[in-house]
2 protein chains.
Amino acid sequence: MQGTNHDDLRRRNLSIILRLVHRGGAASRAQLTRLTGLNRSTIGALVAELVERGLVEERMPDPTRLAGRPSPIVAASDRVVALALNPEIDAITVGVVALSGVVHRRIRFATRSSPTAAEAVAITVSIVDKLRSELSEYSIIGIGVAVPGLVRASDGLVRHAPHLGWVDEPLGDLLAAATGLPVVAANDASLGVTAERYFGAGQGMTDLIYLNGGSSGIGGGLVVGGVAAGGRAGYAGEFGHVRVSASGQKDSAGIAGTLEAEVTRDALLEALGLRASETDADTLERALLASDSPVVHAEVARQLDFLAVALAGAVNVLNPQVIVLGGFLSALHAVDPDRLSRAVAALSLGTAFDGVRIAPALLGSNLLLIGAAELAFEALLLDPQLDRGNTFALSALGARAAVSPASHPR
Amino acid sequence: MQGTNHDDLRRRNLSIILRLVHRGGAASRAQLTRLTGLNRSTIGALVAELVERGLVEERMPDPTRLAGRPSPIVAASDRVVALALNPEIDAITVGVVALSGVVHRRIRFATRSSPTAAEAVAITVSIVDKLRSELSEYSIIGIGVAVPGLVRASDGLVRHAPHLGWVDEPLGDLLAAATGLPVVAANDASLGVTAERYFGAGQGMTDLIYLNGGSSGIGGGLVVGGVAAGGRAGYAGEFGHVRVSASGQKDSAGIAGTLEAEVTRDALLEALGLRASETDADTLERALLASDSPVVHAEVARQLDFLAVALAGAVNVLNPQVIVLGGFLSALHAVDPDRLSRAVAALSLGTAFDGVRIAPALLGSNLLLIGAAELAFEALLLDPQLDRGNTFALSALGARAAVSPASHPR
DNA sequence: AGTGATACGTTGCCAGAGTCAACAAATCAT
DNA sequence: ATGATTTGTTGACTCTGGCAACGTATCACT
């Protein structure tokens, strides 16, 4: 329970304004005045400080059709960026995402085999090194990592990433040492919920559930009472391992009858007669919608019914406003939204399900990059007055081979 | 996204101090200084304001064995109270709970049959009326109601309380009109979690799950990321209706195979050969522990295994620090804690279950009164500067029959 | 075009809250 | 009794947001 003093007050207000323009998009000063309830002069002073720190930019007019003096538009800067990293089985993806929401760059480096943590770091460093000249024009806040597995929130230790074959890999520390930048890492699904919550299907929601179906399982995340649920150690959101059936079918963790064991993309592909390697999310959805095979329909119905058990459980316990489905779960939902709705309704309390919307995820392939960048931005959003040694980090990166990280000043 | 101005700052700091002494018990000024990080002089001023408002009292010294000038002890007032109300099938319980945590009074009014909402209000008013002289010495903040059913958080409308047979009863409005006091109502289980969180087995926890087993079902509540989860409309925490089995056994809401359908107190009593009416929670626990009947053991094992399914699901999704079990679930747990632990471990991700403690609820019969009072105190804790017209309310109460509530000033 | 209305940024002054430093007070240790 | 230590108290200070008057930029109507 921290007390609040004068400095905190300023910080908070700066933070609130920066959050507003970052998450809500550009806004006029007048709008900020109304949204925050602060005085015009105060907004003026706060915006001025943010401009001076290079965090926001003021664009003039904007074709306004209102009477009165036009209000300058305040927008989050394009030049303040976070690096986003997403290691996967067959590729490392690095993104350069601006505070304004723009994804400046997105580089996918395909790997022959699943990379080790050290390889992932090396590849990231080499990609970033190639971008040096471009990056030198930006202020780099830090690196956000979306890991397909369980990550300890405190230090970015990857506890267990089954698909990558990583166990207790100190990815966060390795990356920080190699780049000199602050690194934050989290589970990919929980970053998906962050992205969808601020920029996608969950905008403005305080209670939402997000489930993502990937090739290797089902993950998810949740927002409860406006707070992203991390749990005791950041492992919350593992909807895939919730039990939904009495069958003996086991999932990747060896637990029987779970959502992940019953609802799989592979089973859908098999029913459709498609190959996993050549089927992305959109193709799958189109194929499912186009199919009139009774086998496919039966499989879809079976999976929807199991999905409903998990969703109903979550509805009863969390009484959310919206359930967002991503990946192949979105395709599954698209085939027969009514069936899913009815099944969830049948298995949940009427009052709790009342008003719950089931919606497909809106953000596509940039989802994880945006989520990961958001994670890195969080420190800045929390304290816009924080000094950032971005130039340093970059030079450190260039000299990485020659100088040991420990010898850098600071 | 509200901005913070000077007044808010003061309010926040007052709020933080009041919360600290209310929830953490009495503390010296020096301790408050350390806890909040605020300046000594600031703490002095803030405490002085709280004293002046009658919300806290300063007791002198306290046998301290430290060197230095002794610091006055700041304690929440005994004279600032909330009324707590808990309507049940066979009784109405009214409590007078002080901000200090003391339960001044607890009056149980047995009813022959399940009371209607109007009857509950009438009984409450008459009980409060009898306490008039005692209450006149107190400052009454408001009324908190713990309802065994679904309550809309915004206005205290009881949507559905199956055991009382209430549907859409505007209990909150009725009580407010009859007493002139602010009324807040919530589900009894979610108030249980509040009470346990602040004063019981969940002290200091940011992520906890609470399940309570009552004679008529299983309810619960949860705290996620330090925030009590209410959900979209305050219906969160209905663990009883989560599906745990493929059986056709239906629960009170007509859903098959749920926790509430499989895990019941009646089944335990039947196995033990006991009568519901003459068995309270303690008796049940003792009987279960003493029994060596294989029938009883089998039933306990069966129920524990189903309970484990629900808990494991919650563990996977929420990654809590502690699971608190109340009511007959506490007794069930006491019989074979290891079995439950092992079963939950087997059904949840190792990393997510790692470090989760399963503990019995600590607060006994005052649980709901404390939780309900806490609900009523919340407004005061949020804004200690709020003016309260307590004297008014009391006189209004006495004159209730003669004067219509609308004609009261303010 | 000219004029008024409207909306908004700017400026200088003010009030309130927390900080700071010096001092006083109350205890323990020697 | 003296000093060390911890803490409350007091008044000067700083910083932040509020406020009101003023200036400015647009729209709408004549």
Side-chain angles (χ1 to χ4, degrees), chain A residues 1-18 21 26-53 56-75 383-385, chain B residues 1-18 21 26-53 56-75 383-385:
Chain A
M1 289 254 239
Q2 281 282 18
T4 311
N5 64 20
H6 259 163
D7 291 351
D8 297 335
L9 178 65
R10 196 79 211 286
R11 237 196 305 279
R12 282 180 66 87
N13 283 340
L14 286 172
S15 165
I16 285 169
I17 293 185
L18 192 56
V21 299
S28 73
R29 280 209 213 172
Q31 281 176 295
L32 293 176
T33 305
R34 260 163 304 192
L35 286 169
T36 59
L38 295 173
N39 194 281
R40 287 202 300 243
S41 21
T42 308
I43 294 292
L46 292 170
V47 170
E49 179 167 347
L50 291 175
V51 167
E52 195 180 352
R53 290 181 180 277
V56 305
E57 284 155 11
E58 281 193 296
R59 288 201 309 269
M60 260 311 161
D62 225 38
T64 168
R65 60 242 169 275
L66 277 163
R69 176 175 175 174
S71 193
I73 304 293
V74 181
D383 179 8
Q385 297 183 318
Chain B
M1 288 255 239
Q2 282 282 21
T4 312
N5 63 21
H6 257 163
D7 292 350
D8 297 335
L9 179 64
R10 195 77 210 290
R11 238 194 306 278
R12 283 179 65 85
N13 284 341
L14 286 172
S15 165
I16 285 169
I17 293 184
L18 191 56
V21 299
S28 73
R29 280 210 215 172
Q31 282 175 295
L32 293 176
T33 305
R34 259 162 297 179
L35 285 168
T36 59
L38 294 172
N39 195 284
R40 287 200 302 238
S41 9
T42 310
I43 293 294
L46 292 170
V47 169
E49 179 167 348
L50 291 176
V51 168
E52 193 180 353
R53 290 180 182 277
V56 304
E57 284 154 12
E58 279 193 297
R59 288 201 310 269
M60 259 312 162
D62 227 39
T64 167
R65 61 246 168 273
L66 276 163
R69 176 174 177 173
S71 194
I73 305 293
V74 182
D383 180 7
Q385 297 183 318

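Below, read A as the first sequence line, B as the second, and so on, with proteins coming before strands; counting in each chain starts at 1.
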**Student:** Look at the side chain of N5(B) and decide which nucleotide, out of dA25(D), dG18(C), dG18(D), has an atom nearest to it.
**Tutor:**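 Of the candidates, dG18(D) comes closest.
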**Student:** Which whole-number value in Å describes the distance from R11(A) CZ to dT16(D) P?
**Tutor:** 11 Å
**Student:** How long is the gap from CG on L32(B) to OG1 on T42(B), to the nearest 0.5 Å?
**Tutor:**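 Output value for this atom pair is 12.0 Å.
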**Student:** Let me confirm one number: the CD1-CZ distance from I73(A) to R29(A), rounded to the nearest 0.5 Å.
**Tutor:**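 Between I73(A) CD1 and R29(A) CZ, I get 11.0 Å after rounding to 0.5 Å.
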**Student:** Side-chain donor or acceptor of R40(A) under 3.5 Å from a matching atom on the base of dG9(C)?
**Tutor:**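 Checked by distance alone, the answer is yes.
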**Student:** Please give, in whole Å, the distance from dT16(D) P to L38(A) CG?
**Tutor:**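 Computing the L38(A):CG to dT16(D):P distance gives 14 Å.
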**Student:** Taking only Lys NZ, Arg NE, NH1 and NH2, and the carboxylate oxygens of Asp or Glu, determine whether R11(A) and D8(A) approach each other closer than 4.0 Å.
**Tutor:**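 Result for this pair is yes, salt bridge flagged.
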**Student:** Taking CD1 from I43(B) and C1' from dG8(D), how many angstroms apart are they, rounded to a whole number?
**Tutor:**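 Going from I43(B) (CD1) to dG8(D) (C1'), I get 12 Å.
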**Student:** Within the side chain of S28(B), is there an N or O that forms a donor-acceptor pair under 3.5 Å with the backbone of S71(B)?
**Tutor:** no
**Student:** Measure the distance from CD1 on I16(A) to P on dT16(D) and round it to the nearest whole Å.
**Tutor:** 15 Å
**Student:** Picking from dG18(D), dT16(D), dT26(D), which would you name as closest to the side chain of T42(A)?
**Tutor:**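 So the side chain of T42(A) is nearest to dG18(D).
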**Student:** Provide, to the nearest angstrom, the distance between the CZ atom belonging to R12(B) and the C1' atom belonging to dG16(C).
**Tutor:** 17 Å
**Student:** Does S41(B) make a side-chain N or O approach to OP1 or OP2 of dT10(D) shorter than 4.0 Å?
**Tutor:** no
**Student:** How long is the gap from OG1 on T33(A) to CG on L38(A), to the nearest 0.5 Å?
**Tutor:** 8.0 Å
**Student:** Please determine, for the side chain of R69(B), which listed nucleotide (dT6(D), dA21(D), dT26(D)) has the closest atom?
**Tutor:**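 Nucleotide nearest to R69(B)'s side chain: dT6(D).
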**Student:** Rounded off to whole Å, could you give me the CG-to-P distance for the L32(B) and dG8(D) pair?
**Tutor:**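 These atoms are roughly 9 Å apart.
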**Student:** At less than 4.0 Å, is any side-chain N or O atom of R34(B) found next to OP1 or OP2 of dT6(D)? Yes or no.
**Tutor:** no
**Student:** Ignoring the backbone of N39(A), work out which of dT9(D), dA26(C), dG18(D) is nearest its side chain.
**Tutor:**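 It is dG18(D).
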**Student:** When you measure from the side chain of R10(A), which nucleotide among dT16(D), dG8(D), dG18(D) comes out closest?
**Tutor:** dT16(D)
**Student:** Which whole-number value in Å describes the distance from D8(B) CG to dG16(C) P?
**Tutor:**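 Rounding to the nearest Å, CG of D8(B) and P of dG16(C) are 15 Å apart.
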**Student:** If only side-chain N and O atoms of N13(B) are considered, is one of them under 4.0 Å from the OP1 or OP2 phosphate oxygen of dA17(C)?
**Tutor:**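 Answer no for this pair, as no side-chain N or O of N13(B) is under 4.0 Å from OP1 or OP2.
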**Student:** Specify the separation, in whole Å, of atom CG of L46(B) and atom C1' of dG8(D).
**Tutor:**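 It is 14 Å, rounded to the nearest whole Å.
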**Student:** Is there a side-chain contact between S71(B) and the phosphate of dG8(D), meaning an N or O under 4.0 Å from OP1 or OP2?
**Tutor:** yes
